[in-house]
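The block underneath contains the structure these notes are about, expressed in structure tokens.
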Amino acid sequence: MQDEPFDQLDPLPNPPKSKMPLGKVVLINFGVMIAYMMLSSFAMDSGPEGGLGVLAADAFLILAQVGLNMLLGFIFVFTEDKKQLGGAMLIGGVIMGVIGFGSCFAHLALLDA
Amino acid sequence: MHYPLEIHLGSAKIPAHLLFEMLAYTLGYRLYVWQRARSQDLINDEGRMWIFLGAAAGALMGSHLLGILENPAYLTQLNWQIWLGNKTIVGGLLGGLIGVELTKKIISVNTSSGDLMTYPLLFGLAVGRIGCHLAGLTDGTHGNPSNLPWAVDFGDGIPRHPVNLYEVIFLLALAFFIFHKEKKGPLPDGIRFKIFMVGYLLWRFVVEFIKPVWVLPIGISVIQLATLCGLFYYKGVWWPKMNVINRKTGT
């Protein structure tokens, strides 16, 4: 019996790739957040007053990041070919808000202590 | 170990809690994508997107709302700091559930959407809880003082129940239980998620007794009251006459 040549074998079923870029959008957002949190950590050791200033800056950056995600998300989600990107940005904005502000207030608790 | 743990990257410091929270979302989502690619999802990409959005919006509202109600003193001095600084997973899960069900009604999806989320949620919660443990006393998820040999001193000199580590063990056990149940034969549509919800809500009802929480006049906390409401919603899973786990069809 002759073996079938490889090019005639049934191709393995490729799982369909999700069109939603949620993973990429959230990872980029995480990277941005870690970058400014690392930068602000340099100033956190300068005492409670300096720490409060850094926290205020962090809160502003988180707000800006959440706001930008939400704004672009709302625009894109009603744009026909960018609907998935819009949805991903809206979800990314919510996640950044939950994680970012939680971390910010944990820092505040540390300063209070 | 010093709590809260901070991870040093050169001379910069990142709270371990933040990293573990990011890791929880990332790994949970990767697991979801991996599972979805290997199963027949009856909901299309756009439907999934709206369901995710409904879940995120509901979870956001629910987690903060229950987080505030956990301590009614916050209600008299409510501001943005208190609103954003208080959140709880039980509120997130129940709020997310309401958000998803409303979204599914709007987009006319009748099939279960939670089954694919069960293992990612279990895994994500377990990773996130390790972060909560490493945050020590700062995120308010610690346990009551205890003299048990494995009690942990989070830096205030008082040994406490490491409730977050208990929860990690519970979540892994629950994942194993569901996996074992599925090995015997496929579960009906939606049951995997329902077992997860009932298991987790039961766990939270019990574990709240060893947490420093504000208690209602009826002797339970607001979170415990919320878990009871959730358990009532899922009565079909645990009420013997309505038990749907062993049925072949229908949810």
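Here is the naming used below: chain letters follow the sequence lines, and residue numbers restart at 1 for every chain. Fair warning: this is a prediction, and the values are worked out from it, not measured in the lab.
Counting heavy atoms from C-beta on, the side chains of Val77(A) and Trp50(B) come closer than 4.5 Å. Side-chain contact between Lys13(B) and Met37(A) is absent, with no heavy atoms from C-beta onward closer than 4.5 Å.
With values rounded to the nearest 0.5 angstrom, Lys87(B) atom NZ is found 7.0 Å from Ile99(A) atom CD1. The CE atom of Met38(A) sits 6.0 Å away from atom CD1 of Ile14(B), with the distance rounded to the nearest 0.5 Å. To the nearest 0.5 Å, atom CE of residue Met49(B) and atom CD of residue Gln84(A) are 5.5 Å apart. Atom CE of Met96(A) is separated from atom CE of Met22(B) by 6.0 Å, given to the nearest 0.5 angstrom.
Dense packing is recorded around NZ of Lys211(B), with more than 12 heavy atoms of other residues, nucleotides or ligands lying under 6.0 Å away.
Using a 4.5 Å cut-off between non-hydrogen atoms, the part of residues 23-35 of chain A that approaches chain B consists of Gly23(A), Leu27(A), Phe30(A), Met33(A), Ile34(A). Within residues 51-76 of chain B, the residues having any heavy atom less than 4.5 Å from a heavy atom of chain A are, in residue-number order, Phe52(B), Leu53(B), Ala56(B), Leu60(B).
Partners of Phe154(B) under the side-chain contact (heavy atoms from CB on, under 4.5 Å) rule, at least two apart in sequence or in another chain, are Tyr3(B), His133(B), Leu137(B), His142(B), Val152(B), Arg160(B). For Tyr25(B), the side chain to side chain donor-acceptor pair (under 3.5 Å) criterion is met by no residue, not counting sequence neighbours.
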